[in-house]
Protein chains: 2
Amino acid sequence: MPSIRILFGIRVRKLRQALGISQEELAFSSNLHRTYISDIERGMRNVSLDNIYKIAVALDISPKDLFDF
Amino acid sequence: MPSIRILFGIRVRKLRQALGISQEELAFSSNLHRTYISDIERGMRNVSLDNIYKIAVALDISPKDLFDF
DNA sequence: ATGTGACTGAGAGTCCGTA
DNA sequence: TTACGGACTCTCAGTCACA
């Protein structure tokens, strides 16, 4: 069982690619840094609530859907 | 619209009370500090993935269900 | 049984690069 | 377009005494 960081990262990547946007575009629309998005998708970051929310909004889904794994 | 921290805290409190356990008991089973649980339930903490997971496990639900609001 | 202020060490999150 | 590194600031994790 991969850690929640890995699962979360995979989920973000999948949803981002479904929208056909780059990490940089997601970074811009979520108001987070490009390298930070990269780290998240690779399961390297322990993302906290506020940023979970920002990412969900940028991906046009609810926070709940980010945990659909 | 309350912030995600507030919503998350309300959700944790509701689920904890549904189990009929105290903050102290949840703290013990999630391996977090009692006052930290208190802070979370009052929306004072920007909880990150690892602790979201610990709380979900202690409440015997999936992380996703913590965002059911 | 819970709320709250204060504190320190760890790590969240940014920004500069290079490949 | 993304991975990854170094270096930086600031916030979160985790704990305590006390209300």
Side-chain angles (χ1 to χ4, degrees):
Chain A
M1 181 67 170
S3 77
I4 188 171
R5 298 190 194 189
I6 299 289
L7 294 171
F8 185 83
I10 291 171
R11 185 79 180 126
V12 169
R13 174 161 294 177
K14 186 169 186 173
L15 291 165
R16 175 180 63 79
Q17 289 175 336
L19 288 181
I21 61 175
S22 67
Q23 290 181 350
E24 200 148 20
E25 286 169 314
L26 176 57
F28 179 80
S29 55
S30 60
N31 205 27
L32 293 168
H33 203 271
R34 154 182 79 76
T35 61
Y36 185 55
I37 298 294
S38 169
D39 284 352
I40 289 172
E41 292 190 357
R42 286 177 296 121
M44 309 292 290
R45 295 289 185 156
N46 193 18
V47 193
S48 53
L49 285 176
D50 290 353
N51 288 342
I52 288 169
Y53 181 74
K54 286 185 187 177
I55 292 167
V57 170
L59 290 172
D60 199 30
I61 58 172
S62 68
K64 179 180 178 177
D65 292 327
L66 276 174
F67 292 88
D68 223 339
F69 44 69
Chain B
M1 180 67 172
S3 76
I4 188 172
R5 300 191 194 189
I6 299 289
L7 293 172
F8 184 83
I10 291 172
R11 185 80 181 126
V12 169
R13 174 161 293 178
K14 185 169 187 176
L15 290 165
R16 174 179 64 80
Q17 289 174 336
L19 289 181
I21 62 175
S22 66
Q23 289 181 352
E24 201 149 24
E25 287 169 311
L26 176 57
F28 179 78
S29 56
S30 61
N31 204 29
L32 294 168
H33 202 272
R34 175 187 72 76
T35 61
Y36 185 59
I37 298 293
S38 169
D39 283 353
I40 289 172
E41 291 189 357
R42 285 176 299 119
M44 307 294 291
R45 296 280 187 157
N46 193 16
V47 194
S48 53
L49 284 176
D50 290 354
N51 288 343
I52 288 169
Y53 181 74
K54 286 185 187 178
I55 292 166
V57 170
L59 291 171
D60 198 29
I61 58 172
S62 68
K64 179 180 178 176
D65 293 326
L66 277 174
F67 292 87
D68 225 338
F69 45 69

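- In this structure, M44(A) places its CE atom 14 Å from C1' of dT2(D), rounding to the nearest Å.
- Looking only at distances, no side-chain donor or acceptor of R16(A) sits under 3.5 Å from a matching main-chain atom of L59(A).
- Taking for each of S22(B) and R45(B) the nucleotide of DNA chain C with the nearest heavy atom, the 5'-most of the two is the partner of S22(B).
- Closest approach of E41(A) and Q23(A) over heavy atoms only: OE1-NE2, 3.1 Å.
- Ring pair F67(B)/F8(B) is tilted by interplanar angle, where 30° to 60° counts as tilted.
- We find the NE2-CD distance between H33(B) and E24(B) to be 9.0 Å, quoted to the nearest 0.5 Å.
- In this structure, L49(B) atom CG and dA13(D) atom C1' are separated by 14 Å, rounded to whole Å.
- Side-chain nitrogen and oxygen atoms of R16(B) include at least one within less than 4.0 Å of the OP1 or OP2 phosphate oxygen of dT2(C).
- Sequence order on DNA chain D of the closest nucleotides to N46(B) and H33(B) puts N46(B) first from the 5' end.
- The separation between F28(A) atom CZ and dT1(D) atom P is 15 Å, rounded to whole Å.
- OP1 and OP2 of dA17(D) both lie 4.0 Å or more from every side-chain N or O belonging to R34(B).
- Look at CG on D39(A): it is 15 Å from P on dG11(C), rounded to the nearest Å.
- Residue Q23(B) contributes atom CD, which lies 11 Å from atom P of dT4(C) at whole-angstrom precision.
- Dashed line: the shortest gap from a side-chain N or O of T35(B) to OP1 or OP2 of dT15(D) is not under 4.0 Å.
- Annotation: the span from D39(A) atom CG to N46(A) atom CG amounts to 12.5 Å, rounded to 0.5 Å.
- Taking side-chain N and O atoms only, N51(B) has a distance below 4.0 Å to OP1 or OP2 of dA13(D).
- The separation between I40(A) atom CD1 and dG11(C) atom C1' is 14 Å, rounded to whole Å.
- Dashed line: the shortest gap from a side-chain N or O of S48(A) to OP1 or OP2 of dC12(D) is not under 4.0 Å.
- Within the structure, every side-chain polar atom (N or O) of Y36(A) is placed at least 4.0 Å from both OP1 and OP2 of dT14(C).
- When rounded to the nearest whole Å, the span between CD of E41(B) and P of dG3(C) equals 7 Å.
- If you take CZ of R13(A) and P of dT2(D), they are 8 Å apart, rounded to a whole angstrom.
- Within the nucleic acid shown, I37(B) has no heavy atom closer than 4.0 Å to any nucleic acid atom.
- Within the 4.0 Å cut-off from OP1 or OP2 of dT4(C), at least one side-chain nitrogen or oxygen of R42(B) is found.
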